Amino acid sequence: MDKVDWPLFGRKLTGWYRPDRRPMPWKGDRNPYRVWLSEIILQQTRVAQGLPYFERFVAAYPTVADLAAAPDAEVMKHWEGLGYYSRARNLLKAARKVVEQYDGRFPATYEGLLTLPGVGPYTAAAIASFAFDRQVAVLDGNVFRILARYAGDPTPIDTGPGKKHFQSLVDAALGDTPAATFNQAIMDFGALVCTPKAPQCPSCPLADRCRALAQDRVYELPVKGKSGKRRERFFHYLVLTDEAGRFLIHRREERDIWRQLYQFPLLEAPTLDLRPAALMELDEWPDWLPAAELHYEGRSTPFLHQLTHQRIGVIFHRFRWSTMGQLPAHYLRIERWELERYALPRVITRYLEESRLTLDL
DNA sequence: AAAGCGTGGCG
DNA sequence: TCGCCAAGCTT
């Protein structure tokens, strides 16, 4: 097998590249704060989905010092709906670290950037190249796919050795090409030409040297292990209101999805089909909630909430709890309108939208 | 080192 | 409908 001519790959790639083919508000921006913010938002997230969040964060927090000074709950609220909420928690940690330990300035090297929470190899390389002109290549999903196809390389991409292997390939491909341009070009190329599902091979400028295309293996590459099956879960939310129509909520703290987001009291059960009486029989039923004082007011239709590794059936059970008095620690009694001030999982905001339409709440 | 972490769009 | 996957990181 002949060795791949990586310098040629780099020349063709940068020859194809035009910044305006895929406009993004942060493209060409060299401000480390905005580069970092955009890269965190775009981790495992499509540009179209992240874009409004970027605008919102920049407007709310123009500088890293503004962000560092923000309350946790406010940042989580801004992040609401974007998913992977550890990014928001780490965003704040990193902003505070920059302010407190780095005098308000982002580290200007790949290694320095890696010390920030939420900044891994990809993000450090992106910031180092875009904001500080460091000669480092990014390795993201696009790069894996493009290189695996171009080189016809069946090395699995989701293992330690595989990542190291493709890092060496992209390093070779980068060569002396200015890294900011190369990195932007290869990611745009992956988004516009060498796409996962419907790659534009007939019009691809790299087609004449693409080994996957020559061997008709484009759709088999890159190789990755098969995804495990989804965990099934069933959530029963208790929507408890007092005589004034106030709600009971609390913040999720456990190592699980939606940490630091707010929700109604939750019972997780082995099934979705539970009547109120069966609900109260569960071991999980909270001691502080006297079943005799509750007046059942109906339940929602089931919601199916799909996550990458879980499918969650969710039902909201409405109860009137007129004597709602002393609350357990960490539970909040709030007005209906105050709900909007808390960061909520998507399934809960969807329920609230729907129940507003049906006038249930 | 593998598993866990959200949400939405697309074929 | 369903699985894949999108500018990954942490533990």
Side-chain angles (χ1 to χ4, degrees), chain A residues 22 24-27 29 34-54 76 79-91 93-94 113-130 137-146 156-164 166-167 170 180 182-192 194-199 219 222 224-231 233 252 254-261 303-312 314 343-350:
Chain A
R22 212 180 171 221
M24 294 173 279
W26 49 82
K27 192 180 271 190
D29 194 335
R34 289 190 297 272
V35 171
W36 164 72
L37 180 60
S38 69
E39 294 301 339
I40 301 297
I41 286 175
L42 263 45
Q43 287 170 3
Q44 297 289 282
T45 302
R46 295 170 186 284
V47 170
Q49 190 187 358
L51 200 125
Y53 288 83
F54 177 79
M76 296 308 289
W79 201 271
E80 180 186 83
L82 192 54
Y84 284 149
Y85 297 95
S86 66
R87 289 183 294 170
R89 301 190 299 268
N90 286 330
L91 192 77
K93 279 190 202 165
L113 288 159
L114 273 182
T115 68
L116 299 175
V119 175
Y122 162 77
T123 306
I127 303 172
S129 62
F130 296 144
V138 296
L139 182 58
D140 79 331
N142 293 298
V143 178
F144 280 121
R145 187 173 60 253
I146 294 165
I157 65 172
D158 52 359
T159 68
K163 288 180 173 51
K164 194 165 290 187
F166 281 100
Q167 183 68 57
V170 74
F182 178 91
N183 287 336
Q184 194 57 67
I186 200 166
M187 289 191 287
D188 280 3
F189 188 79
L192 296 175
C194 197
T195 56
K197 300 223 172 134
Y219 289 93
K224 66 176 74 171
K226 26 182 173 293
S227 51
K229 53 174 176 291
R230 290 218 242 291
R231 173 153 76 125
R233 304 175 77 177
R252 291 178 63 91
E254 54 273 38
R255 292 177 69 81
D256 196 350
I257 55 173
W258 305 329
R259 184 144 58 99
Q260 288 187 31
L261 272 64
F303 290 75
L304 177 59
H305 193 71
Q306 298 261 16
L307 291 71
T308 302
H309 300 289
Q310 304 184 25
R311 341 170 6 115
I312 311 178
V314 183
L344 306 169
R346 201 68 184 86
V347 70
I348 293 188
T349 61
R350 273 197 278 147

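Remember, predicted model here, so these are calculated numbers, not experimental data. Lettering follows sequence order; numbering is per chain, from 1.
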Quiz prompt | Gap separating the CZ atom of A/R311 from the CZ atom of A/R230, nearest 0.5 angstrom | solution =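 If we round to the nearest 0.5 Å, A/R311:CZ and A/R230:CZ are 6.5 Å apart.
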Quiz item: Out of curiosity, A/I257 CD1 to A/L307 CG, how far, rounded to the nearest 0.5 Å?
Solution: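 Spacing of CD1 (A/I257) from CG (A/L307) equals 5.5 Å.
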Please classify the nucleic acid contact of [X] as base, sugar-phosphate, or nothing, using heavy-atom distances under 4.0 Å.
X      : answer
A/I257 : sugar-phosphate
A/G160 : nothing
A/R145 : sugar-phosphate
A/G81  : sugar-phosphate
A/W36  : nothing
A/Q306 : base
A/T123 : sugar-phosphate
A/E80  : nothing
A/V143 : nothing
A/K229 : nothing
A/L82  : base
A/D158 : nothing
A/R259 : nothing

Quiz item: Will you find, in the side chains of A/Q184 and A/R22, an N or O donor that is under 3.5 Å from an N or O acceptor?
Solution: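 On atom types as modelled, these side chains do not qualify, holding no pair under 3.5 Å.
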Exercise. Please determine, by modelled atom types, if A/E39 and A/Y122 share a side-chain donor-acceptor pair under 3.5 angstrom.
Key: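 A/E39 vs A/Y122: donor-acceptor pair found between side chains.
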Quiz item: What is the ring orientation for A/F166 with A/F144, classed by angle as parallel under 30°, tilted 30 to 60°, or perpendicular over 60°?
Solution: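 Ring orientation, 0 to 90° scale: perpendicular.
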Quiz item: Taking for each residue the nucleotide of DNA chain C with the nearest heavy atom, is it A/L114 or A/S38 whose nucleotide lies nearer the 5' end?
Solution: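 It is A/S38, whose closest nucleotide lies nearer the 5' terminus.
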Quiz item: Mapping A/A126 and A/N90 to their closest nucleotides on DNA chain C, which lands nearer the 5' end?
Solution: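 Upstream on the strand: A/A126.
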Quiz item: Under 4.0 Å: is that the gap between some side-chain N or O of A/W79 and OP1 or OP2 of B/dC5?
Solution: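 It does not, given that no N or O in the side chain of A/W79 lies less than 4.0 Å from OP1 or OP2 of B/dC5.
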Quiz item: Does A/H309 put a side-chain nitrogen or oxygen below 4.0 Å from OP1 or OP2 of B/dG6?
Solution: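 For B/dG6, OP1/OP2 do not have a side-chain N/O of A/H309 under 4.0 Å.
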Quiz item: Taking 5' to 3' order, which nucleotide of DNA chain C is first and which is last to have an atom within less than 4.0 Å of a heavy atom in chain A?
Solution: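 The contact span of chain A on DNA chain C goes from C/dG3 to C/dT11.
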Contact list (N/O, under 3.5 angstrom) for nucleotides 9-11 of chain B vs protein:
| from | atom 1 | to | atom 2 | distance (Å) |
| --- | --- | --- | --- | --- |
| B/dC10 | O2 | A/K197 | NZ | 3.4 |

Quiz item: Among all residues two or more places apart in sequence or in another chain, which pass the side chain to side chain donor-acceptor pair (under 3.5 Å) test with A/S86?
Solution: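 Not a single residue meets the side chain to side chain donor-acceptor pair (under 3.5 Å) criterion with A/S86.
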Quiz prompt | Pairwise C1' distance for B/dA3 and C/dA7, with rounding to whole Å | solution =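 Here B/dA3 and C/dA7 have their C1' atoms 22 Å from each other.
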